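Handing you a structure now.
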Amino acid sequence: MATGNLGCVVVAVDGSEESMNGLRWALDNLRLRPAGEGADGTAQEAGALVVLHVQSPPSIAAGLNPGSVPFGGPDYIEVPAFTAAIEAHQRRITDAIMAHALQICAGKDVNVKTQVVVGDPKEMICEVATNLHADLLVMGSRAFGPIKRMFLGSVSNYCINHANCPVVVIKGSS
């Protein structure tokens, strides 16, 4: 599936081996547009592979925060140190995921960019692909069984149906 006219390929990574296999597949099978002159004579910049990671919103993680005080206390108590600790932990996880992804990209002659966003993964992946005018979205699939998929949903299935560009899903082993 080599092509030389891909301007932007978004590869979604979440730290799973399946997502890293998607990154490896993209690096091994896709050829991005080289820098140079376009058909209309204008300068074209080289295509880029964008490694995207979506962090869970702090509000989800902060759901573990102590809740309301019983018997007429306030409905919600914010514990700043707890929230800061969760956010710092999320940053460390994201840094490790991106470092691993960049290590996979090392040695490949590819223009790699990284992007980290916060939100619901399925929605944010589609939004970033749209905002970057991606030519292709690549992602791994954990191959959940039908019961897990029913309760957890499938990010890859959502993206197949909602992304504004073609989507390649690299299936994991079951």
Side-chain angles (χ1 to χ4, degrees), residues 1-58 60-61 86-144 153-173:
M1 178 184 206
T3 180
N5 200 32
L6 293 171
C8 178
V9 174
V10 174
V11 180
V13 296
D14 63 3
S16 68
E17 195 55 35
E18 292 84 2
S19 72
M20 297 303 169
N21 286 339
L23 176 59
R24 287 183 191 94
W25 182 90
L27 290 165
D28 292 342
N29 292 287
L30 301 176
R31 201 164 20 111
L32 298 170
R33 176 181 64 221
E37 192 173 303
D40 60 357
T42 60
Q44 279 187 326
E45 71 177 71
L49 187 132
V50 178
V51 178
L52 170 67
H53 176 67
V54 182
Q55 275 187 350
S56 298
I60 290 174
I86 289 176
E87 290 171 353
H89 181 68
Q90 284 180 308
R91 275 193 302 279
R92 284 191 301 274
I93 291 170
T94 296
D95 291 346
I97 290 169
M98 296 309 264
H100 183 61
L102 289 174
Q103 181 182 14
I104 291 170
C105 296
K108 305 283 185 177
D109 188 24
V110 177
N111 178 18
V112 177
K113 298 178 180 179
T114 61
Q115 187 166 352
V116 176
V117 293
V118 177
D120 178 36
K122 60 184 181 253
E123 293 173 2
M124 294 308 297
I125 291 168
C126 291
E127 184 178 313
V128 168
T130 298
N131 292 344
L132 293 176
H133 306 287
D135 297 310
L136 184 65
L137 170 61
V138 178
M139 55 195 322
S141 171
R142 292 188 181 170
F144 286 144
S154 168
V155 173
S156 57
N157 189 55
Y158 181 92
C159 292
I160 288 168
N161 290 299
H162 292 89
N164 290 338
C165 64
V167 179
V168 173
V169 178
I170 306 303
K171 289 177 67 171
S173 58

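None of the values given here were measured: they were computed from a predicted structure.
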Donor-acceptor contact present, side-chain D135 to main-chain C8, <3.5 Å: yes
Least distance between heavy atoms, N111 atom then A46 atom: ND2-O, 3.9 Å
Backbone of V169 reached by a side-chain donor or acceptor of S141 within 3.5 Å: no
Any S156 side-chain heavy atom under 4.5 Å of V167 side chain: no
From I170 atom CD1 to S19 atom OG, the distance as rounded to the nearest 0.5 Å: 11.5 Å
side-chain contact (heavy atoms from CB on, under 4.5 Å) partner of V13, the single match among I97, V54, I104, V138: I97
CD/E45: more than 12 non-hydrogen atoms of other groups inside 6.0 Å: no
Shortest non-hydrogen contact between I125 and A12, atoms and distance: CD1-CB, 3.7 Å
Approximate separation, where rounding is to 0.5 Å, of C105 SG and K113 NZ: 13.5 Å
N5 side chain reached by R33 side chain, heavy atoms, under 4.5 Å: yes
Exercise: identify the closest heavy-atom pair between A101 and L23: O-CD2, 3.5 Å
side-chain contact (heavy atoms from CB on, under 4.5 Å) between L52 and L137, intermediate numbers included: CA-CA 10 Å; L52 170 67; L137 170 61; 5.8 Å; no
CZ on R91 to CD1 on I93, rounded to 0.5 Å: 11.5 Å
Close side-chain approach of I86 and H89, heavy atoms under 4.5 Å: no
Test log, rule side-chain contact (heavy atoms from CB on, under 4.5 Å), inputs N157 and K122: CA-CA 9 Å; N157 189 55; K122 60 184 181 253; over 6 Å; no
NE2/H100: more than 12 non-hydrogen atoms of other groups inside 6.0 Å: yes
Gap between atom NE2 of H53 and atom CE of M124 - 0.5 Å precision: 12.0 Å
Passing option when V118 is tested against Q55, Q90, E87 for side-chain contact (heavy atoms from CB on, under 4.5 Å): Q55
Value rounded to 0.5 Å, distance of CG in D14 from CE in M139: 8.5 Å
Could you pull out every donor-acceptor pair under 3.5 Å between side chains of residues 126-134 and any protein atom, sequence neighbours left out?
residue, atom, partner, partner atom, Å
T130, OG1, C126, O, 3.0
T130, OG1, N164, ND2, 3.0
N131, ND2, E127, O, 3.4

Min side-chain heavy-atom separation V110-L30 under 4.5 Å: no
